[in-house]
Novice: 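Here it is, the structure, as structure tokens.
Every chain is numbered from 1, with letters handed out A, B, ... down the list of sequences. All values below were derived from every heavy atom in this structure, side-chain atoms included, with hydrogens, water molecules and symmetry-related copies excluded.
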2 protein chains.
Amino acid sequence: MSQGSTDPQGIVGFAAHDHSACTRAALALAEETCAEKGLSFTPVRRRTLEILLESHVALGAYDVLARLAEDGFGSKPPVAYRALGFLMDNGLAHRIERLNAFVACAHPGAAHDPAFFICRKCGAVAEAQGVTPLDASADAAGFAVEKTTIEAEGLCPLCREEAA
Amino acid sequence: MSQGSTDPQGIVGFAAHDHSACTRAALALAEETCAEKGLSFTPVRRRTLEILLESHVALGAYDVLARLAEDGFGSKPPVAYRALGFLMDNGLAHRIERLNAFVACAHPGAAHDPAFFICRKCGAVAEAQGVTPLDASADAAGFAVEKTTIEAEGLCPLCREEAA
DNA sequence: CGGGGGTTGTGATATTATAACATACGCGTT
DNA sequence: AACGCGTATGTTATAATATCACAACCCCCG
């Protein structure tokens, strides 16, 4: 909570920020995106995104499901998995493979090939853009890359400070 | 099956190669490594590695388990998970997060921070070394990287040819 | 009104993974 | 040989994650 430096390299998630503004902007953008593409941003889907947006921590599908059920939505796994699938298909959320968990997209609308930094202590997940380092190796091997999963686990700046 | 070019960038897994030699070498190296470190390379562990080594395709824990059970080892999940855990802890196998599956290490003994290329058609997995592209972004964000997961899904050279 | 696509909900089940505990084995000491 | 100790293996049971198949609904269009 001490520094207001701009996000280096477009990394979002660790730096202190006005989170309610961050949330509002993401929801507005989601609504806009869906309107443009003719997708229905229904109540479950919207609520699911809101739940993910509450923090920059990844949530398991069943955590999301429990929250949805509390709010009066269905209580069976497909409810959560479908809403999360919709958000992922439309670039509004991402799956963190290492954690079998989900986060709201931190760069909605932007070109996507995200990389994630996951703090093992506080669970915060930061999303970086434009890290596509595999192209050289892939080309050399004759491999045609279609999707990438890039995730780093370690300690975020705040938890490092605490540790020291 | 047409070219014998050396592996560019140390990528192993797609190029045609003498697989039985590849297997023998890996097993020998595993034995040596365990001897050096005072680890017991027991029958289940050895057999598990052999099973993974049979192809450069990732196997689920339950696939491995079925094979182990056929061979007279225990038939309950912990048997497979423990053997796989041992191999991973000692750099002899890796987990592919996107697939919830496991492959034998293609560069045993070498420094490790592997990247994987996964063919979505034939399932082959190639392992590249020395792709550590996150350092710059991580440093900029003040994040201390401890472990990385780098996986690309796409089409391998052979499946590309077939598709064309 | 009637059909059709898309969305939500449910029951049932598949797949992946771990916890907790019992048994056996190797090995050094007595 | 008998004991104690650490490691490895095995089992039962259960947790956590994910998907399938089908029914109900809703809304819009013809």
Novice: Could you give the CZ-to-P distance, from A:Phe41 to C:dT7, as a whole number of Å?
Specialist: 13 Å
Novice: So for B:Tyr62 and C:dA17, does any side-chain atom that can act as donor or acceptor lie under 3.5 Å from a complementary atom in the base?
Specialist: yes
Novice: Please state how far atom CG in B:Leu87 lies from atom C1' in D:dA8, giving the value in whole angstrom units.
Specialist: 14 Å
Novice: Please verify the inter-ring angle class for A:Phe143 with B:Phe14; under 30° counts as parallel, over 60° as perpendicular, anything in between as tilted.
Specialist: parallel
Novice: Between B:Ala61 and A:Arg45, who's closer to the 5' end of DNA chain C by nearest nucleotide?
Specialist: A:Arg45
Novice: What integer distance in Å separates A:Ile96:CD1 from D:dT17:C1'?
Specialist: 16 Å
Novice: Determine, using the 4.5 Å side-chain heavy-atom cutoff (strictly less than), whether B:Leu87 and B:Leu65 are members of one ILVMFWY cluster.
Specialist: yes
Novice: Over how many whole Å does the gap from B:Leu68 atom CG to D:dA8 atom C1' extend?
Specialist: 14 Å
Novice: Nearest to the side chain of A:Phe73, heavy atoms from C-beta on, is which of C:dG9, D:dG10, D:dA18?
Specialist: C:dG9
Novice: Does B:Gly72 or B:Pro77 map to a spot on DNA chain D nearer the 5' end, using the closest nucleotide for each?
Specialist: B:Gly72
Novice: Just N and O in the side chain of B:Thr42: are any of them under 4.0 Å from OP1 or OP2 of D:dT9?
Specialist: yes
Novice: Closer than 4.0 Å, any side-chain N/O of B:Arg46 to the OP1 or OP2 of D:dA8?
Specialist: no
Novice: Taking B:Val44 as the starting point, is it possible to reach B:Met88 by hopping between hydrophobic residues whose side chains are less than 4.5 Å apart?
Specialist: yes
Novice: Please list all pairs passing the ring-ring contact (aromatic ring centres under 6.0 Å, His included) test where one or both residues lie in residues 61-91 of chain B, with sequence neighbours left out.
Specialist: none
Novice: Please give, in whole Å, the distance from C:dT18 P to B:Leu65 CG?
Specialist: 14 Å
Novice: In whole Å, what is the span from the CZ atom of B:Phe86 to the C1' atom of D:dG10?
Specialist: 18 Å
Novice: Would you kindly compare A:Phe102 and B:Ser40 by the position of their nearest DNA chain D nucleotide and give the one closer to the 5′ end?
Specialist: B:Ser40
Novice: With a 4.0 Å cutoff (strictly under), does any side-chain N or O of A:Tyr81 reach OP1 or OP2 of D:dA18?
Specialist: yes
Novice: Reading DNA chain C from 5' onward, which residue's closest nucleotide shows up sooner: A:Val79 or B:Asn100?
Specialist: A:Val79
Novice: Nearest 0.5 Å, what's the CD1-CZ distance between A:Ile150 and A:Phe117?
Specialist: 9.5 Å
Novice: Grab the CG-P distance between B:Asp63 and C:dA17 for me, whole Å please.
Specialist: 11 Å
Novice: Measuring only between side-chain heavy atoms, which start at C-beta, is A:Arg67 closer than 4.5 Å to A:Arg47?
Specialist: yes
Novice: Heavy atoms under 4.0 Å is the rule here; annotate nucleotides 20-30 of chain D 5' to 3' with B where the base is hit, S where only the sugar-phosphate is, and - elsewhere.
Specialist: B----------
Novice: Could you tell me whether the phosphate oxygens of D:dA18, OP1 or OP2, come under 4.0 Å of any side-chain nitrogen or oxygen in A:Arg95?
Specialist: yes
Novice: Is the shortest side-chain heavy-atom distance between A:Leu27 and A:Leu53 below 4.5 Å?
Specialist: yes
Novice: Rounded to whole angstrom units, what separation is found between the CG atom of A:Leu99 and the C1' atom of C:dT16?
Specialist: 16 Å
Novice: Could you check if a side-chain atom of B:Ser40 sits within less than 4.5 angstrom of a side-chain atom of B:Cys34, using non-hydrogen atoms only?
Specialist: no
